[in-house]
Number of protein chains: 2
Amino acid sequence: MTDDSTLSALHGHGEKPTLRTLAQATGFSVATVSRALANDPRIAAKTRATVAEMAKRLGYIPDRAARRLRTGRTQVISLLLNTEHEFLGFTHEFLTGITETLAGTGYSVTVVPDSPGEDRIGPVRTILRNNLADGLLFTRTEAFDPRVRLLMEADFPFVSHGRTEFTAPHPWVDYDNETFARQAVAYLVAKGRSRICMVLPGDQFTFTQHLRYGFVSAAREAGIAHDIVPGVTLDSPTAAIAAALAEARRGPNPPDGYVCVGEVTALVALAALADTGAVHGVDADIVAKRASPIFDNIRPRIGTVFEDLRATGRAMAEMLLRRMAGEPPERLNRLFQPDPPR
Amino acid sequence: MTDDSTLSALHGHGEKPTLRTLAQATGFSVATVSRALANDPRIAAKTRATVAEMAKRLGYIPDRAARRLRTGRTQVISLLLNTEHEFLGFTHEFLTGITETLAGTGYSVTVVPDSPGEDRIGPVRTILRNNLADGLLFTRTEAFDPRVRLLMEADFPFVSHGRTEFTAPHPWVDYDNETFARQAVAYLVAKGRSRICMVLPGDQFTFTQHLRYGFVSAAREAGIAHDIVPGVTLDSPTAAIAAALAEARRGPNPPDGYVCVGEVTALVALAALADTGAVHGVDADIVAKRASPIFDNIRPRIGTVFEDLRATGRAMAEMLLRRMAGEPPERLNRLFQPDPPR
DNA sequence: TGTCCGAATTAAAACGTTATAATTCCTCTA
DNA sequence: TAGAGGAATTATAACGTTTTAATTCGGACA
């Protein structure tokens, strides 16, 4: 019961403790120890307590590789990280929310690069095929996103950042971009603006449609001139966006209101104003979504709406845990509401 | 030689192929197949070719869990992610550089949150003790960083972002912050500035000392007044930094030059100028390090130095691979040189 | 013709779990 | 007192690798 190896384990000098160590130390079999640690009710309560105490004393931690090999569960959650574009601070806040939530759950988070120009479905295929994770998180969801389709077919747990237009339900977390756009337009209207414009993300993303719809219908309802800046998207090089905005300012009726989804675009718009001698708050107003605290320090102050991406990350991670625990997808979704611009 | 299971495997309908599948398909034993795939010279060249071809045909991929269990190698690299503070875009760029470099090497990248106020060594202990990774990357290195000490003792591969003052060599990647500070001072001197100030990161970080030394000695050599803004660090809440900078402007001799290490600080400084009616380029100049392209669009334009954090991430990942391959630490270090401010 | 050698291959064990299918052993009933 | 029933525990196999220690099998040599 207390042979050499047990003793050395007790004194912490020995090797990493395994179930066998615990079995030797307690006098039970490996099978019983395993069950006891899993709190199997078929094991006597007293035995469970004994084993638990010894496990704690020896600092036993189950071996991930062994468990993974045996059960097929990886204890890994993968995040597809867009390597090209980000709103400022997006990755940091989002990832922090995810890792914060998953810390202590036994899941580890792996980051897989996802180059947008290239095959978006390849990394997902690899993960499915090689069983590299138990769940998946990703962003920049498209209306008929092939990743969503594949994952639904494979019945693999995931949460998308952004909705799709598939009829079958799946878990998602999204931000109410239509309402954001409506509120942004209302903000500009309240400032007396009547010729507003907006730079949109690429057409393939679902949230682009929400933004467009909110922007266009709110502007129509207000009866003001409105324009989607042509030829560029949020992901265009900033120089191209700058050129497009400068071009717009040279026309006979330059815009007097800007709805900006990203912070960089807002800065570009501000620069476009400054570079053409226009004064923010006098000749035009800007309202933007922000993910970082940076705009508190931008002068002139523009109207901003804060999107809490850390909370988004947390929500997605929590939802994925619930999905992996077997909850059906129907009710697993959450739409974050924007505060009005300030 | 081509029984049912082989056939189904060949047609891709079957289960995930394992060494046993390959063994059945080729007629060799599992042991031979394993060796052949490892290119063991003791296996006949012809056999190796046969096995390799079959592996490719069936899309065989070794099981990570099994390999990890058997060899003890995890095929995982962990990154300690600071959850509290970041320069804008730091996390995104840095992480992208790392994942880019590691894609295709068979290593996966896990992110572990590292809360700075708390125990910095705990996550490292956990990783070592539970064998959760084969290598470690981290940032915000301190002069006598306890993580570095522990990892050196354990002879565990790692690369720190930032140097230490330990005598024993270890792999690191750093940015020449002393030179950055000197160049920044020179830039302000060239603008005719004579009362410059700087907000530093916390004293515990090694790079803070480099910044301070570069700033102070360059200012002394130039014979101009210089001041470290007291009571706040880069990690202070921006409101506190803003208050400290505003306070400094109220004095009889407000600063006319600002050296900013982070982008947020630079914006705060700009705001402080604007809020006190001072004009950038006339009453004062600002020079800042930037990690994102954002400053191209800030008006007024301030002097900036670009720190390429994606390249930093790549360099650290590459260095870690070399360290894990057994290269000694002596020559594994790299100091990125700043370009002069523009 | 028997023996030895080396090249090529393989059987088997092990890594640390979990799950299936026994096996104890005690108590209760007829 | 035999047998059934059930609670508690355990032996064993398996997950897919790698590696140690055989084993096979020609051919070279005496």
J.: For residues A:Val76 and A:Leu132, report the shortest heavy-atom separation together with the two atoms involved.
T.: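 The pair with the smallest heavy-atom distance is CG1-O, 3.5 Å.
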J.: B:Thr47 side chain: which of D:dT9, C:dT9, C:dT17 is closest?
T.: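 Output: C:dT9.
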J.: Whole Å only: how far is the CG atom of B:Asp63 from the P atom of C:dT17?
T.: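 That distance rounds to 17 Å.
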J.: Taking the side chain of A:Thr32 as its heavy atoms from C-beta onward, which of D:dT9, C:dA8, D:dT17 lies nearest to it?
T.: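 The closest nucleotide is D:dT9.
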J.: Mind checking B:Arg68 for me? I need base, sugar-phosphate or nothing, with any heavy atom below 4.0 Å counting as a touch.
T.: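 Result for B:Arg68 = nothing.
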J.: Does the side chain of A:Pro157 come within less than 4.5 Å of A:Met324's, by heavy atoms?
T.: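 Yes; the side chains approach each other to less than 4.5 Å.
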J.: Checking contacts here: which listed nucleotide (C:dC15, C:dT17, D:dC15) is nearest the side-chain heavy atoms of A:Arg20?
T.: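 Looking only at heavy atoms from C-beta outward on A:Arg20, the closest nucleotide is C:dC15.
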J.: Give the rounded distance in Å between these two atoms: CD1 of B:Ile43 and P of D:dT19.
T.: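 In whole Å, D:dT19 P lies 13 Å from B:Ile43 CD1.
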J.: Measure from the side chain of A:Val30, starting at C-beta and using heavy atoms only, and say which of D:dT10, C:dT17, D:dA8 lies closest.
T.: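 Selected nucleotide: C:dT17.
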J.: Kindly point out which of D:dG16, D:dT19, D:dT10 is positioned nearest to the side chain of B:Ser34?
T.: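 My answer, after comparing the listed nucleotides, is D:dT19.
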J.: Do A:Arg35 and D:dT10 have a side chain to base donor-acceptor pair shorter than 3.5 Å?
T.: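 Under the 3.5 Å cut-off, the side chain and the base do form a donor-acceptor pair.
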J.: Measure from the side chain of A:Ser29, starting at C-beta and using heavy atoms only, and say which of D:dA11, D:dT17, D:dA21 lies closest.
T.: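 Side chain of A:Ser29 sits closest to D:dA11.
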J.: Check the distance between C:dT17's C1' and A:Lys16's NZ and give it to me in whole angstrom.
T.: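 It is 11 Å, rounded to the nearest whole Å.
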J.: Mind calculating the distance between CZ (B:Phe28) and C1' (D:dT17) to the nearest angstrom?
T.: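 After rounding, the reported distance stands at 19 Å.
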J.: Of the listed nucleotides (D:dT9, C:dG16, C:dT9), which one gets closest to any side-chain atom of B:Ala44?
T.: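 Closest nucleotide to the B:Ala44 side chain: C:dT9.
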J.: Using whole Å, what does the distance between atom P of nucleotide C:dA7 and atom CZ of B:Arg48 come to?
T.: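 It works out to 13 Å between those atoms.
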J.: Both A:Arg42 and A:Leu19 contact DNA chain C. Which one's nearest nucleotide lies toward the 5' end?
T.: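 Checking each residue's closest nucleotide, the 5'-ward one belongs to A:Leu19.
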J.: Which word best sums up how the rings of A:His161 and A:Phe90 line up, parallel for under 30°, tilted for 30 to 60°, or perpendicular for over 60°?
T.: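 Ring orientation, 0 to 90° scale: tilted.
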J.: Specify the separation, in whole Å, of atom CG of B:Asp40 and atom C1' of C:dA7.
T.: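 After rounding, the gap between these two atoms is 12 Å.
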J.: Expressed in angstrom and rounded to an integer, what is the separation of A:Arg67 atom CZ from C:dC15 atom P?
T.: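 Going from CZ in A:Arg67 over to P in C:dC15 covers 19 Å.
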J.: Hey, does the side-chain of A:Arg73 have a donor or acceptor N/O within less than 3.5 Å of a partner on the base of C:dT17?
T.: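 Check fails, no donor-acceptor contact within cut-off.
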J.: Find the distance A:Tyr60:OH to C:dG16:P and express it as a whole number of Å.
T.: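 A:Tyr60 atom OH is separated from C:dG16 atom P by 10 Å.
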J.: Has the side chain of A:Asp174 got a donor or acceptor atom that lies under 3.5 Å from a matching backbone atom of A:Arg163?
T.: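 Present.
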J.: Nearest to the side chain of B:Ala31 - D:dC15, D:dT19, C:dT9?
T.: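 Looking only at side-chain atoms, B:Ala31 lies closest to D:dT19.
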J.: Could A:Arg140 and A:Phe138 be counted as a cation-pi pair, given that NZ or CZ must be under 6.0 Å from the ring centre and within 45° of the axis?
T.: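 Pair A:Arg140/A:Phe138 does not count as cation-pi.
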